[in-house]
Amino acid sequence: MADAPFPRPVVTRFAPSPTGYLHIGGARTALFNWLYARGRGGRFLLRIEDTDRERSTPEATAAILRGLTWLGLDWDGEAVSQFGRRHRHAEVAHDMLARGAAYRCYSSQDEIVAWREAARAEGRSTLFHSPWRDADPATWPDGPFAIRMKAPRGGETIVEDAVQGTVRFDNGQLDDMVVLRSDGTPTYMLAVVVDDRDMGVTHVIRGDDHLNNAARQQMVYDAMGWEVPVWAHIPLIHGPDGKKLSKRHGAVGLEEYQAMGYPAAGMRNYLTRLGWSHGDAEVFTSAQAMSWFDLSGIGRSPARLDFRKLENICGQHMAMAEDAALLQELQAYLAAAGQPALSPQQADVLQRSLYCLKDRAKTFPELIDKARFALATRPIVPDEAAARALDSVSRGILKSLTPQLQGASWTKDALEVILSEAAAANGLGFGKIAAPLRAALAGRTVTPSVYDMMLVIGRDETVARLQDAAA
RNA sequence: GGCCCGUUCGUCUAUCGGUUAGGACACCAGGUUUUCAACCUGGGAAGAGGGGUUCGACUCCCCUACGGGCUGCCA
């Protein structure tokens, strides 16, 4: 069932913390936001949540932008720095103070930590109730204070979530969160709300680790009289063992997938399908994904990464790709993987051979491996199995073939006639002479069609390789 | 501890009270073939457990188990 139409242009955002690489789960979150906005003619914004000055680095920001760019997720406008908006956040905090929606809390962190530890030890609730909530201003000491949200004490906060449904929180479970620290810097809880509202974000699509936060954040929206966005909390991605995805599962950074040579289109398709469905659709283009993607198609349970399926999807996208685009992406892969670039000659022969390679490969390393017949130069050194195929009888056949090939018209039909006749003349099936041909042309027993190889490398090279092998 | 979310084949999922519970990946068998891949045909494979509600529950409600998240002057 499709989502109900939204009355205004859709604005979504991806808001990563620049504290490391772009996590594969984060990439999927970004992808969902991108699909939702792009599929509805809306805007997709990027905000870097760099308010944690200790852990945020420009390198991490650069890595995130690189990852998104590789995945093909383009954002509108410049990425917003959350840290750069700290004065605006403080302004809102003071506005809340003025409205009586927040209060000055003079409790020190040490005090609070000690209180919480005691509460935990005694098995009491660890929710901190500041003694300053209703304090008389006359009693305010002359020290630093944090600004705390004056959360409603009774009743409940209801989060209407497009994925999780209606989620109710007893307000007694939510304490007065700090919105502005005693050093004057904003907390995340305040900053997200202010930024989302100022950026005009209409739909907040993010990991469900934020579901509880949504209730708190909603209190800020309410306190400021702002319209609450549409929430969509999506389940996290788990490792193949069903546990939370972590480094011990292997690749968790998006750039590792790029380095492994997965094509971006396949990656997008796989990630889109992970936790979202549109009937039985499995393999689709990004244009299709944009037109189909909706919040109601998102599942509520965490999905596990399955490399086999990733590979299968990638293989299908590789086969669907246009040769020129595929070659370009392959070259980008080589650069990203730190491998030597293709020479112009190699690029040319590779592009001409893609038609017979791309439907047999799932990743770029695999594609390159299968392209060895085209990339290699004489003399072709046969591997062990290929060497066995080049026995004396086979070499004799190869030798007898060369004069005919020299005079042949270089088309598949003509070659087929020559090779079939040669097989018949030797009382062999075609398969029996294909093996030594593969060995001579590629040095391997597993290759594309012998005709395709001959057509790609051309007459002179074919004859030369056969002569090499027959010698 | 408290609160919140989740649980359909091994995996990703369809199903939105009535289906022989469907598809895809993976796996197995056969076919095709010029090796491999691809492709074709067939096969095994699932509603966590227990209570309700209902003429009828995978679907709605409750409990339990298991998994996950939150519980910071981190984001």
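Chain identifiers are assigned alphabetically (A, B, ...) following the order of the sequence lines, protein sequences preceding nucleic acid strands; residue numbering begins at 1 within each chain.
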Could you tell me whether the side chain of [Y] reaches within less than 4.5 Å of the side chain of [X], counting heavy atoms only?
| X | Y | answer |
| --- | --- | --- |
| A:R206 | A:I234 | no |
| A:R273 | A:S277 | yes |
| A:Y106 | A:R104 | yes |
| A:D175 | A:R216 | yes |

Starting from [atom2] on [N], measure out to [atom1] on [X] and report it in whole angstrom.
| X | N | atom1 | atom2 | answer |
| --- | --- | --- | --- | --- |
| A:R304 | B:C9 | CZ | C1' | 13 Å |
| A:R300 | B:C4 | CZ | C1' | 15 Å |
| A:R372 | B:A37 | CZ | C1' | 18 Å |
| A:Y103 | B:C73 | OH | P | 11 Å |
| A:Q109 | B:C73 | CD | P | 7 Å |
| A:H233 | B:C4 | NE2 | P | 16 Å |
| A:D280 | B:G22 | CG | C1' | 6 Å |
| A:H210 | B:C5 | NE2 | P | 17 Å |

Only pairs with both distances under 3.5 Å count, Watson-Crick or wobble alike; so what is the partner of [N] in this structure?
| N | answer |
| --- | --- |
| B:U7 | B:A65 |
| B:G30 | B:C40 |
| B:C70 | B:G2 |
| B:U19 | none |
| B:A57 | none |
| B:A45 | none |

Which nucleotide in [options] has an atom nearest any side-chain atom of [X]:
| X | options | answer |
| --- | --- | --- |
| A:T126 | B:A75, B:U34, B:U71 | B:U71 |
| A:N212 | B:C70, B:C73, B:U7 | B:C70 |
| A:Y188 | B:C4, B:A75, B:U71 | B:A75 |
| A:R116 | B:U11, B:G72, B:C3 | B:G72 |
| A:R438 | B:C25, B:C3, B:U34 | B:U34 |
| A:A434 | B:U34, B:U13, B:C73 | B:U34 |

Task: RNA chain B: 5'-proximal contact among A:Q316 and A:P186 (nearest heavy atom) - done: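 Its nearest nucleotide lies further toward 5', so the answer is A:Q316.
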
Task: Residue mapping more 5' on RNA chain B - nearest nucleotide basis, A:L236 or A:R124 - done: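 Nearer the 5' end of the strand: A:R124.
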
Is [X] side chain donor-acceptor paired with the [N] base, going by distance under 3.5 Å alone?
| X | N | answer |
| --- | --- | --- |
| A:T447 | B:C36 | no |
| A:S449 | B:U34 | yes |
| A:Q164 | B:G6 | no |
| A:R444 | B:U35 | no |

TODO: Check the pair A:D306 / A:Y270 against side-chain hydrogen bond (donor to acceptor under 3.5 Å, both in side chains), numbers first and verdict last.
DONE: CA-CA 9 Å; A:D306 179 2; A:Y270 176 73; 5.7 Å; no

Considering only the [atom1] atoms, how many Å lie between [N] and [M], rounded to the nearest integer?
| N | M | atom1 | result |
| --- | --- | --- | --- |
| B:C62 | B:U15 | C1' | 24 Å |
| B:U8 | B:G22 | C1' | 12 Å |
| B:C63 | B:G42 | P | 46 Å |
| B:G72 | B:G49 | P | 37 Å |
| B:C9 | B:A45 | P | 14 Å |
| B:A24 | B:U41 | P | 10 Å |
| B:A48 | B:U11 | P | 12 Å |
| B:C74 | B:G69 | C1' | 16 Å |

Can you tell me how the ring of [X] sits relative to the ring of [Y], calling it parallel under 30°, perpendicular over 60° and tilted otherwise?
| X | Y | answer |
| --- | --- | --- |
| A:Y221 | A:W231 | perpendicular |
| A:F307 | A:Y257 | parallel |
| A:H203 | A:Y36 | tilted |

By the 4.0 Å heavy-atom rule, please label [X] as base, sugar-phosphate, or nothing.
| X | answer |
| --- | --- |
| A:G315 | nothing |
| A:R120 | nothing |
| A:E54 | nothing |
| A:M189 | base |
| A:F128 | nothing |
| A:D170 | nothing |
| A:A146 | base |
| A:P448 | base |
| A:V450 | base |
| A:T185 | nothing |

Task: Nearest-0.5 Å distance that lies between atom CD in A:Q173 and atom CG in A:N212 - done: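 It is 10.5 Å, given to the nearest 0.5 Å.
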
Open item on the list: Less than 6.0 angstrom separating the ring centers of A:W75 and A:F14, yes or no?
Closed with: no

- [ ] Compute the ring centroids of A:Y188 and A:H89, then answer whether they are less than 6.0 Å apart.
- [x]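 No, the ring of A:Y188 stays outside the 6.0 Å limit from the ring of A:H89, centre to centre.
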
On the nucleotide [N], are OP1 or OP2 found under 4.0 Å from the side-chain N or O atoms that [X] carries?
| X | N | answer |
| --- | --- | --- |
| A:R216 | B:C70 | no |
| A:T445 | B:U35 | no |
| A:N312 | B:A26 | yes |
| A:R148 | B:C73 | yes |

Task: Strand contacts (RNA chain B) in residues 355-362 of chain A, 4.0 angstrom heavy-atom criterion - done: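 Heavy-atom contacts with RNA chain B come from A:D359, A:R360.
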
TODO: Taking ring pair (Phe, Tyr, Trp, His ring centres under 6.0 Å) as the test, write out the residues that go with A:F32, two or more places apart.
DONE: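 For A:F32 the ring pair (Phe, Tyr, Trp, His ring centres under 6.0 Å) partners, ignoring immediate neighbours, are A:F293.
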
